[in-house]
Trainee: 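Here's a structure for you.
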Amino acid sequence: MSTPYPFTAIVGQDDLRLGLLLNAVSPAVGGVLVRGEKGTAKSTAVRALAALMPEVSVVPGCRFSCDPTSPDPACPDGPHEASSGASRAARTVELPVGASEDRLVGALDIERALAEGVKAFEPGLLADAHRGILYVDEVNLLHDHLVDLLLDAAAMGASYVEREGVSVRHAARFLLVGTMNPEEGELRPQLLDRFGLTVEVAASRETDLRVEVVRRRLAYDDDPAAFAAQWADEEGALRARIVAARALLPQVRLGDGALRQIAATCAAFEVDGMRADIVMARTATALAAWAGRTDVLAEDVRQAALLALPHRRRRNPFDAPGLDEDKLDDTLEQNSGEDDDPDPDGPGGGGRPPEGDGPDTPPQPEGGAEDTPAQSVPEQGGEKEQGQPGGGSGEQQPVRAGEPFRTKMLSVPGLGEGAAGRRSRARTEHGRTTGARRPQGALTKLHLAATVQAAAPHQRARGRSGRGLVVRRDDLRQSVREGREGNLVLFVVDASGSMAARQRMTAVKGAVLSLLMDAYQRRDKVGLITFRGKDAEVVLPPTSSVDAAAARLEMLPTGGRTPVAAGLLKAHDVLRVERLRDPSRRPLLVVVTDGRATGGPEPVALAARAARLHEVEGTASVVVDCESGPVRLGLAVSLAGELGGTAVTLDELRADSIAGLVKDVQGYSRRAA
């Protein structure tokens with residue numbers, strides 16, 4: 001087994017180390033989510049924590065790590081007789097992003113269950129992680145159905161495996177640790193709330209600190225065992241401190257004053273539900289124990305709020321996590337109590353790890369648009385935008401998006417086989433059963449009726465004599481299920497002068513923001529292309545980070561001519577590459593424009609030819625028609641026809657609009673039919 005990097009050798013990252021150590025002291029805190037850019041020691045710190053966890057006592061031979069002092073009465077390997085148990089190191093189990101459901105929760109041998117009535121169960125990762133650490137790297141990229149299983153196990157402390165009426169239950173209580181890069185997409189709110197604490201990490205900009213990081217890493221890579229030996233004393237001291245804090249934890253007093261500060265803080269920051277209050281209370285108690293105190297101080301409550309609340313106060317997917325520390329201080333001061341501060345100068349200070357946790361290190365610091373001519377450019381049809389002389393050809397400063405709204409359902413026609421999501425119909429592992437087939441590989445979802453039907457004609461030939469059904473592997477049938485998939489929603493947004501009127505662009509940005517929120521909820525990938533002046537630009541390549549698209553949209557400038565063809569050709573290039581990267585994920589092209597192509601010879605005809613490239617490839621598309629004013633040329637509607645899609649106005653895009661109804665985007669297949 002490889003030698004892990006020592007926890008005490010990690011340079012800086014105080015919040016990351018503190019969040020992990022508090023969970024080691026009190027697993028009831030509920031785990032920690034580590035958010036930050038790549039290369040910031042997230043995974044290194046989590047793996048290093050395992051060496052500091054106290055050993056656990058288990059029933060010998062039990063695959064589910066039952067505690068010999070109180071074994072699980074429903075353990076599949078039980079019942080267990082009283083025994084002294086055997087000690088072993090706490091496990092750190094890693095959940096791969098691409099893991100299957102059976103690998104996570106375990107697998108039942110359906111053939112033996114049907115033929116012999118035996119619950120032959122092979123434990124999964126949840127069983128391995130019981131009484132240890134379950135580490136999910138890139139947790140934001142985990143498939144939705146695995147997230148649901150993880151949530152259920154974390155909430156109930158148990159895992160249930162169900163296969164057509166055959167069920168197995170086992171205990172699954174673990175310290176949940178997740179790491180993620182926010183640039184690759186955000187987490188569902190339900191999973192965010194399940195993590196007790198969250199910490200933000202970033203690479204230091206301090207030269208001396210970066211030098212020390214590189215020096216230690218090179219020394220570790222040259223000789224891991226020798227490097228770990230240099231830090232053995234510090235590791236031992238930190239391990240002993242964790243054990244001492246665990247022993248002190250039951251004696252820590254959470255006074256009414258501190259409890260009132262916790263409740264007032266959660267109310268002031270309008271967090272949903274009561275889990276935040278409970279997590280803050282447990283975190284403040286763990287901070288006091290870590291500092292060697294038996295009383296919770298106001299500084300413990302403050303630190304607990306900074307760790308437990310930022311990820312719980314996001315009001316919509318595009319809000320950045322964080323707390324207003326001035327507001328936090330005011331709330332704590334207004335609700336301070338006499339018993340909150342028995343010993344302001346007590347040991348441990350603010351509950352952070354002492355300087356002796358590692359060698360002395362320097363303190364860690366806190367945390368092109370193309371120019372266009374100014375003269376007017378005649379618009380197709382001669383229309384000028386209100387407030388923009390000559391059609392607004394000069395570049396305009398970005399305007400804020402309008403209020404987002406709930407949009408109509410836009411989906412890709414047909415039946416796909418892409419990643420699980422909530423937009424278009426697809427064959428998936430979960431959903432309603434639509435048929436049966438022979439299993440390809442391991443059987444995961446048994447179709448019981450089809451299996452019995454396949455086995456029934458052969459019972460006499462197989463010598464059946466009793467009531468039981470003689471089932472062989474060839475009889476097993478897999479359920480075919482239909483659910484929903486996530487798509488690649490590629491936005492192509494007109495940022496030209498004809499769109500530059502302030503009121504219109506505000507409404508357009510509000511509509512695109514609304515569609516982005518819809519994509520976030522439906523688990524889509526998104527991309528953003530804009531066109532203006534003489535060319536188009538990929539503002540955001542296809543990504544799962546919908547909030548990154550929203551941020552780019554907010555800063556979008558406008559002005560110049562309207563090269564519609566350039567935008568569609570750029571979209572064609574992006575989709576061609578994405579089809580090679582992820583051929584199962586079907587695209588949905590959303591073009592936001594008034595259709596008034598300008599610039600170059602025959603701009604409207606050129607845009608039509610570019611649109612037909614998407615039609616030929618069967619790309620599902622919708623054009624959001626932004627044309628306004630008394631004179632309407634219908635160019636966006638014509639563009640939608642060339643794309644083989646449909647056109648909707650901004651008003652028709654709203655879910656509560658009665659002006660139109662958009663259920664499925666008409667793709668090439670429907671137009672050809």
Trainee: Determine the sole option in Arg423, Arg406, Arg523 for which the salt bridge (Lys or Arg N to Asp or Glu O under 4.0 Å) test with Asp518 is passed.
Mentor: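 When Arg423, Arg406, Arg523 are each tested with Asp518, the salt bridge (Lys or Arg N to Asp or Glu O under 4.0 Å) holds only for Arg423.
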Trainee: Would you check if Lys525 and Thr543 make a side-chain contact, meaning some heavy-atom pair closer than 4.5 Å?
Mentor: no
Trainee: Evaluate the side-chain proximity of Pro68 to His80: yes if any heavy-atom separation is below 4.5 Å, no if none is.
Mentor: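 No, their side chains stay 4.5 Å or more apart.
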Trainee: Less than 4.5 Å apart, side chain to side chain, heavy atoms only: is that true for Met280 and Leu309?
Mentor: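 In contact.
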Trainee: Side chains of Asp67 and Thr69: any donor to acceptor distance under 3.5 Å?
Mentor: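 There is such a pair between these side chains.
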Trainee: Relative to the ring of His572, is the ring of His614 parallel (under 30°), tilted (30 to 60°) or perpendicular (over 60°)?
Mentor: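 It falls in the perpendicular class, over 60°.
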Trainee: A side-chain contact here means heavy atoms from C-beta on lying under 4.5 Å apart; do Ile133 and Leu176 qualify?
Mentor: no
Trainee: If the test is salt bridge (Lys or Arg N to Asp or Glu O under 4.0 Å), which one of Asp193, Asp277, Asp272 qualifies with Arg312?
Mentor: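 Exactly one candidate clears the test, Asp193.
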Trainee: Are the side chains of Leu307 and Val32 in touch, meaning some heavy atoms are under 4.5 Å apart?
Mentor: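 Leu307 vs Val32: side chains apart.
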Trainee: Could you grab the distance from atom CD of Glu652 to atom OG1 of Thr646, nearest 0.5 Å is fine?
Mentor: 8.5 Å
Trainee: Using the salt bridge (Lys or Arg N to Asp or Glu O under 4.0 Å) rule, take Arg173 and Asp72 through it: C-alpha gap first, then chi angles, then the decisive distance, then the call.
Mentor: CA-CA 12 Å; Arg173 290 182 293 276; Asp72 182 6; over 6 Å; no
Trainee: Does Arg425 come within less than 4.0 Å of Glu485, counting only side-chain N to carboxylate O?
Mentor: no
Trainee: Do we see a donor-acceptor contact under 3.5 Å between the side chains of Arg586 and Ser411?
Mentor: no
Trainee: Can you confirm whether or not the ring centre of Phe64 sits under 6.0 Å from the ring centre of His130?
Mentor: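 No; His130 has its ring centre 6.0 Å or more from that of Phe64.
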Trainee: Between the side chain of Asp524 and the main-chain N/O of Tyr520, is any donor-acceptor distance below 3.5 Å?
Mentor: no
Trainee: Please evaluate residues Asp137 and Thr179 with respect to the criterion side chain to side chain donor-acceptor pair (under 3.5 Å), reporting the C-alpha separation (whole Å), side-chain torsions for both, the decisive distance (0.1 Å), and the verdict.
Mentor: CA-CA 5 Å; Asp137 193 13; Thr179 56; 2.6 Å; yes
Trainee: Could you grab the distance from atom CZ of Arg576 to atom CZ of Arg581, nearest 0.5 Å is fine?
Mentor: 10.5 Å
Trainee: For residues Leu515 and Leu410, determine if any side-chain heavy atom of one lies less than 4.5 Å from a side-chain heavy atom of the other.
Mentor: yes
Trainee: Could you measure the distance from the OG atom of Ser479 to the CZ atom of Arg437? Nearest 0.5 Å is fine.
Mentor: 9.5 Å
Trainee: Could you check whether any side-chain heavy atom of Val199 comes within less than 4.5 Å of a side-chain heavy atom of Arg35, counting everything from C-beta outward?
Mentor: no
Trainee: Can Arg88 and Ser65 be counted as having a side-chain donor-acceptor contact under 3.5 angstrom?
Mentor: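 There is such a pair between these side chains.
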Trainee: Would you compute the distance between atom CZ of Phe174 and atom CG of Leu126 and round it to the nearest 0.5 angstrom?
Mentor: 5.5 Å
Trainee: Are any non-hydrogen side-chain atoms of Leu568 and Leu613 less than 4.5 angstrom apart?
Mentor: no
Trainee: Any carboxylate oxygen within less than 4.0 angstrom of a Lys/Arg side-chain nitrogen, looking at Arg47 and Glu94?
Mentor: yes
Trainee: Between Ser424 and Asn487, do the side chains contain an N or O donor and an N or O acceptor separated by less than 3.5 Å?
Mentor: yes
Trainee: Is the CD atom of Gln453 crowded by more than 12 outside heavy atoms at less than 6.0 Å?
Mentor: no
